[in-house]
A.B. asks: 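Here it is: the structure, laid out below.
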Amino acid sequence: MSEKVIPDPLNIIICGVGGQGNIVASELLASALVEKGFRATVGETYGASQRGGSVMSHVRISKTLEYGVLIPQHKAHLIVGFEPMETLRIARDYANKETTTIFDPRPNYPLGVLIGEAAYPSLQEVEDELCDRCGFVWKIPATDLALSTGNFRAANIALMGALTALPQVPVEAADYDRVMAQRFPEKVLAQNQEVFVLGYEAMRELLEMNR
Amino acid sequence: MEWMTTLDSPGKVFLLQGNEAIVRGALEAGIHFAAAYPGSPSSEILTMLGRIADKRGFYAEWSTNETCALEACMGASFAHARSLCIMKQNGLMTVGDALHTCGLSGVKGGLVLVVADDPSAHSSTNEFDSRNMAVSANIPMLEPSTIQDAKDMIPYAFELSEQLQQIVMIRTVTRINHGRSNVVLGELPKSLRPLKAIGEWDRFVGINWFHESQWEKMDQAGEIFEKSPFNTYEGPEKPALLIITSGTGRLYSREALDTLEEGMSVEVFRNHWFHSREALDTPEVRNKIGILSIGTSWPLPERLVLGHAKKAGKILVVEEVDPFLERGVAAILGKEKDFSVEILGKGKNGVLPRVFELDPDRVRNAIAKALGVDAKDEVPAPAPAAGVTARELTFCAGCPHRATFFIVKQALELTETQGVVMGDIGCYTLGAQRAGHYLISFLGCMGAGINAAEGLGQLNRFGFDQPVVAFSGDSTFFHSCLPGLVNARYHNANMLFVILDNSATAMTGFQPHPGIGRTAMGHPAEPVSIQKVVEAIGCPVTTADPYDVEGGIRLVYDLLKQPGLKVLIFQQPCVTAHIRTIEKTKIWVDPELCRGDACGCGRFCSRIWGCPANIWDDANKRAAIDEVVCAGCGVCVSLCPAGAIKMVEKEAV
Amino acid sequence: MVAEFNLKRDVLQKGLCTLCGACMDGCPYLKNIADHLVMPFQCSAGEGRCLAVCPCLPTDWEDVRKRFLGDSAADPDIGVIAGVYKVRAKHPISRCQNGGTVSALLAYGMDAGLGESALLTRSSGGLEPEPFWAKSPEDIQEAAGSKYFAAGSLRLLNDRHRQWDKPVMVVGRPCQIRALRKIQIHEQSTGHTSPVLSIGLFCTWQLSWSFGDFLAQEFPGKKVQRIAISLQGLEVDFGEGPQPVSMDGVRAHMRSACHYCLDMTAELADIAVGAFEQEAGWNTLIVRSKAGMDWFEGAKNRGDLLVAAYPEAELQRLKAAAHNKARRGLEKIRSEAV
């Protein structure tokens with residue numbers, strides 16, 4: 001088992017807009033953890049997500065106990081955001097001063113904004129407030145990384161790569177590779193592995209630069 | 001993951017979703033037959049069963065509605081097949097008569113009914129609590145409190161069902177169905193049990209003759225439940241506070257105990273938050289609170305409950321949605337002479353809110369209130385700075401419903417009368433919101449739209465002359481609109497019935513329905529033509545493509561002017577169902593032609609048409625197309641007043 | 001910018017819209033089928049074109065009159081009179097309503113190059129008129145005959161491919177002439193010159209298209225050949241000679257906007273034409289502008305028109321009729337003004 005010291009339970013929230021691959025991401029992460037002997041619990045918001053709604057997955061990791069699927073307010077240790085405004089929305093309810101947040105700064109505009117009746121907050125505002133509420137905030141241009149491999153849909157995998165590079169998370173890239181191989185057919189697998197590495201490296205670079 | 005459900009690895013641990021666990025449980029129970037109608041959060045169960053049915057040698061079916069599903073299971077049970085029926089809470093309401101009658105007749109082969117409730121209505125219009133039906137139908141019911149339970153209860157329920165010769169209900173909630181956790185797999189049977197021929201004098205009849213024996217089955221269930229492994233207690237023998245809980249309440253309560261201590265403020269515990277439970281295992285807490293988790297929710301094991309209640313200082317009941325368990329416990333304790341104890345729960349003077357789902361914070365606050373402790377969390381919350389807008393739901397890019405609502409809104413407006421639009425259940429329910437221009441003013445359950453329209457359509461005699469329109473999807477049509485259509489045609493109601501046929505049961509995840517031509521098990525089937533059915537009933541029917549917006553407006557306007565019942569079928573397949581297989585036509589905006597904000601346009605595509613792919617490029621003050629989101633349907637091309645939206649013609653093959 | 005007026009609130013929902021067509025087809029917000037004009041969605045453009053051209057919004061009509069008709073004094077009842085005549089076409093075509101004067105003027109105008117095309121309407125039997133650009137004498141003949149159903153013919157001026165520099169002739173109801181003048185002013189303000197010659201038709205009211213459904217109910221199975229209004233009232237010809245239709249039936253289908261109208265004789269047109277009530281087969285013609293006078297004299301001098309002096313008694317009757325319409329309109333406005 002990993003030597004990393006982790007909070008128990010370790011609470012991770014993965015959030016974004018419906019259709020961004022939230023569920024696949026949390027499923028892969030939790031499966032990798034179960035394989036390593038952890039107890040993992042995942043809670044998801046589903047259903048109307050296809051139609052542009054906010055979605056989130058709560059992932060709880062413990063060495064010994066089974067926990068309920070929902071993370072209590074302000075108790076998330078890690079937040080992974082597929083979309084900036086969603087990340088902020090989640091952070092307001094679940095972040096505390098020790099939370100580490102990583103997010104993709106590419107906005108996905110809600111209907112109200114597209115119509116011109118609501119304004120989308122500026123990226124700076126979002127970042128500033130995230131920094132206010134969290135301990136560490138990292139930007140990972142996941143969609144861009146995915147697009148560079150020709151598959152924008154794999155942005156979620158890029159973020160999972162970035163997450164895996166964080167020291168608090170008790171999985172390694174190899175663990176993730178194994179579950180991806182179980183889940184994805186060959187053609188998609190190769191693409192996803194490439195994107196995963198891009199995300200992982202991007203996070204590593206940021207951690208190095210900010211040491 | 002789904003592929004884990006069929007692994008022959010008893011004793012191994014995997015991460016399973018609640019629905020996957022139920023599938024696994026069904027396989028371990030050796031089911032012969034499974035039938036369901038899609039309904040979130042239960043839909044995945046039959047989808048997965050359908051995928052493996054052939055391989056594992058059983059039958060799985062997407063029935064036309066839940067009553068078909070339940071009664072099909074009853075039929076299969078008659079031949080001693082183990083049958084699993086699955087539905088969401090609304091499905092249970094639909095099968096009311098069938099369920100009650102089945103409770104009266106009993107079953108032969110085990111019949112387990114999994115009902116998935118949706119507290120907080122994440123994917124529903126309501127959070128009806130299915131448990132009340134078990135009482136009304138007088139049948140036994142179980143409630144899993146973990147994903148492991150969700151699996152283990154299935155074979156247990158089948159055994160129970162056959163022992164009692166009674167249908168057994170299992171009530172799950174979204175947090176179980178869509179939650180994931182570690183599950184230890186059990187054994188898979190090598191083969192399915194053979195069926196039994198139905199003898200000349202075998203009976204499966206729901207008549208009152210059996211009412212007393214139905215009660216006797218419940219008495220028997222009660223005895224079995226007194227010793228069921230699904231009822232657990234952890235805590236001191238004489239708790240100051242006894243938490244009686246079912247379902248998700250157990251884990252939330254346990255977690256709450258880790259973070260609360262009587263007499264001490266939570267401030268102290270923030271420092272301890274990241275420590276393990278063992279470190280927090282303080283005598284004060286351990287001696288004060290006990291958790292009695294009930295998995296056999298009906299009939300309640302009276303002696304078990306009473307036994308613990310009599311040793312408790314105070315009782316707090318924690319459960320999802322209705323105070324069902326609370327009422328049951330109160331009834332048990334109320335009958336005891338010379339014994340009373342305070343029971344806290346939901347309702348006016350309760351400590352838990354009586355609507356919406358449980359979460360760890362609500363439970364923690366409730367426990368704190370019950371203990372008389374201040375549970376207020378002191379995490380400093382900076383005032384929100386950036387404006388974060390809600391994410392309104394809208395139709396997907398390319399959705400034909402967007403066009404349909406756009407058409408009907410304008411057609412009704414052109415009649416210069418106040419039309420009334422009755423909605424129904426499906427993706428098009430979103431038409432009640434901005435995405436459909438707030439068009440829908442009536443929403444009941446499935447099939448309600450056409451019937452309510454028929455009612456309004458008979459009010460001419462009172463001077464009622466507002467145009468009446470009812471919507472229904474294709475799956476909804478088969479599910480519950482057929483009697484309504486016969487009724488409307490027979491009574492010649494003044495109304496327009498619009499069938500939104502997008503060849504999909506889209507909202508729940510694109511499961512096949514009788515109009516599709518494919519079964520749950522992936523076999524081809526002769527589709528039932530909606531148009532032919534409507535014609536056979538004797539209705540004048542028109543079909544049209546909603547993507548032709550101008551044509552549609554004229555068509556609906558003309559239809560509304562005619563008296564009597566009119567049926568219009570808008571046919572255009574759901575784009576999202578095929579999005580990964582179609583080659584998208586490229587759509588783009590010519591910024592030279594785009595009028596943007598100016599008179600003559602006023603951002604018509606993004607602001608009024610409202611497709612999420614039509615975005616506003618604020619930097620250049622021009623409309624633009626989000627290629628990632630665009631489905632290439634081309635409707636906006638026809639709507640642009642400046643002809644600025646272009647379609648790249650596909651090359652001829 | 002927020003507009004002071006809102007077309008939907010101030011015109012459409014108040015039943016003031018005359019269906020002139022000036023605002024139609026200019027943007028996707030205004031939708032029309034039959035004689036329904038609605039705005040299902042709210043536009044965000046503020047002071048838009050529709051507000052600039054709508055004849056039912058507050059306008060300085062004196063200013064408009066002076067711009068197009070000069071400084072001559074206007075008769076209080078029937079407007080500027082450069083000349084008033086009893087006229088008919090030398091060779092009126094068979095389907096003309098009265099004297100065929102309008103068709104003759106248009107044919108002459110096209111011949112003489114005064115207008116390359118004419119904005120007219122055509123219909124079968126006078127029901128559901130369809131606006132179109134007449135480009136030939138045959139087209140003009142096709143358009144002959146009065147239409148008592150309102151049609152938004154000015155919408156054809158919103159065709160974004162239309163060139164404003166070619167001269168055109170427009171025939172319209174008084175409300176349409178007013179809208180036309182506002183369109184000309186609006187176009188001029190954006191740099192477009194628009195040589196337009198206009199003929200305004202006398203009008204007391206227009207019928208809603210629902211009158212067609214009413215006729216179908218009253219006279220089932222019969223096809224309308226022609227609708228005419230005489231001193232006897234409204235008559236419909238189904239091919240067996242004119243049949244009277246009860247005035248109650250007619251009144252029930254008069255468009256609401258017409259009740260507020262003060263302009264019976266198209267006071268802002270270059271030439272205004274109506275029926276000469278006392279003698280079938282003749283028109284009343286009023287010339288108002290210099291361009292109108294040139295046009296009328298040209299046609300007359302070429303021999304296309306027969307022109308007689310206008311009897312004084314008739315003129316008094318005409319003024320009285322126009323006066324009464326305006327009085328009724330004012331009373332209606334006053335009774336509903338808040």
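Residue numbers begin at 1 in each chain, while the letters A, B, ... track the order of the sequences. What's counted below: heavy atoms across the whole structure, side chains too, no hydrogens, waters or symmetry copies. Computed from a predicted model, the values in this text were never measured in an experiment.
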A.B. asks: Could you walk me through whether B/Asp361 and A/Lys75 pass side-chain contact (heavy atoms from CB on, under 4.5 Å), step by step?
C.D. replies: CA-CA 10 Å; B/Asp361 297 289; A/Lys75 304 300 182 212; 5.9 Å; no
A.B. asks: Which heavy atom in B/Ala390 sits nearest to a heavy atom in A/Pro110, and how many Å separate them?
C.D. replies: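 Reported closest heavy-atom pair: O-CB, 4.0 Å.
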A.B. asks: Given a strict heavy-atom distance threshold of 4.5 Å, which part of B/Gln148 is in contact with chain A: side chain, backbone, both, or neither?
C.D. replies: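 Answer is neither: B/Gln148 stays 4.5 Å or more from chain A.
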A.B. asks: For the atom pair OH (A/Tyr120) and CG (B/Asp618), what is the distance rounded to the nearest 0.5 Å?
C.D. replies: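 Answer rounded to 0.5 Å: 14.5 Å.
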A.B. asks: Could you have a look at B/Thr389, B/Ile147, B/Asp118 and say which one has the most heavy-atom pairs with chain A under 4.5 angstrom?
C.D. replies: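 With the most close heavy-atom pairs to chain A, the winner is B/Thr389.
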A.B. asks: Pick from A/Leu70, A/Asn108, A/Val59: which one has the most heavy-atom pairs with chain B under 4.5 Å?
C.D. replies: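 Highest number of pairs under 4.5 Å: A/Leu70.
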A.B. asks: Would you tell me whether A/Glu66 and B/Thr146 have side-chain atoms, one donor and one acceptor, within less than 3.5 Å of each other?
C.D. replies: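 Looking only at side-chain atoms, B/Thr146 and A/Glu66 do not form any donor-acceptor pair under 3.5 Å.
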A.B. asks: Which pair of non-hydrogen atoms, one from A/Phe38 and one from B/Asn182, has the smallest distance, and what is that distance?
C.D. replies: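 Where A/Phe38 meets B/Asn182 most closely, the heavy atoms are O-ND2, 2.9 Å.
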A.B. asks: Take atom OH in B/Tyr438; do more than 12 heavy atoms of anything else shown fall under 6.0 Å from it?
C.D. replies: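 It does: B/Tyr438 OH has more than 12 such atoms within range.
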A.B. asks: How long is the straight-line distance from CD of A/Glu27 back to CD of B/Glu2, given to the nearest 0.5 Å?
C.D. replies: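 If we round to the nearest 0.5 Å, B/Glu2:CD and A/Glu27:CD are 9.5 Å apart.
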A.B. asks: Given A/Arg60 and B/Glu255, is the salt bridge (charged side-chain N to carboxylate O under 4.0 Å, His left out) satisfied, shown in steps?
C.D. replies: CA-CA 12 Å; A/Arg60 330 227 22 225; B/Glu255 181 167 0; 2.5 Å; yes
A.B. asks: Answer with side chain, backbone, both or neither: which region of A/Leu10 has an atom nearer than 4.5 Å to a non-hydrogen atom of chain B?
C.D. replies: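 Neither part, no heavy atoms under 4.5 Å.
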A.B. asks: Grab the two heavy atoms, one from B/Met1 and one from A/Ser31, that are nearest each other, plus how far apart they are.
C.D. replies: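 Reported closest heavy-atom pair: CE-OG, 3.2 Å.
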A.B. asks: Is it the backbone or the side chain of A/Ala119 that comes under 4.5 Å from a heavy atom of chain B, or both, or neither?
C.D. replies: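 Looking at A/Ala119, just its backbone touches chain B.
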A.B. asks: Less than 4.5 Å apart, any side-chain heavy atom of A/Arg106 and any of B/Val628?
C.D. replies: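 Result yes, sub-4.5 Å side-chain heavy-atom pair found.
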A.B. asks: Tell me, for A/Gln124 versus chain B, whether the close heavy atoms (under 4.5 Å) come from the side chain, the backbone, both or neither.
C.D. replies: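 Contact with chain B involves no heavy atom of A/Gln124 at all.
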A.B. asks: In Å, rounded to the nearest 0.5 Å, how long is the span from NE2 of A/His58 to CZ of B/Arg180?
C.D. replies: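 Those atoms lie 14.5 Å apart.
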A.B. asks: Can you tell me if CZ on A/Phe136 sees more than 12 non-hydrogen neighbours from other groups inside 6.0 Å?
C.D. replies: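 Open: at most 12 neighbouring heavy atoms sit under 6.0 Å from CZ of A/Phe136.
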A.B. asks: Please report the shortest heavy-atom distance between A/Val69 and B/Tyr252, naming the atom on each side.
C.D. replies: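 Distance-wise, the nearest heavy atoms are CG2-OH, 4.2 Å.
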A.B. asks: Indicate the atoms forming the closest heavy-atom contact of A/Arg89 with B/Arg391, along with that distance.
C.D. replies: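 Answer, listing the atom of A/Arg89 first, then B/Arg391: NH2-N, 4.0 Å.
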A.B. asks: Among B/Val388, B/Val629, B/Ile176, B/Val363, which residue has the highest count of heavy-atom pairs closer than 4.5 Å to chain A?
C.D. replies: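 Among B/Val388, B/Val629, B/Ile176, B/Val363, the one with the most close pairs to chain A is B/Val388.
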A.B. asks: Looking at B/Val13, B/Leu251, B/Leu15, which one has more heavy-atom pairs under 4.5 Å with chain A than the rest?
C.D. replies: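 Option with the top pair count is B/Leu15.
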A.B. asks: What part of B/Leu16 lies closer than 4.5 angstrom to a heavy atom of chain A: side chain, backbone, both or neither?
C.D. replies: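 Nothing of B/Leu16, per the 4.5 Å heavy-atom cut-off to chain A.
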A.B. asks: Please look at A/Glu127 and chain B and tell me whether the side chain, the backbone, both or neither of the residue comes under 4.5 angstrom of a heavy atom of that chain.
C.D. replies: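 A/Glu127 has no heavy atom closer than 4.5 Å to chain B.
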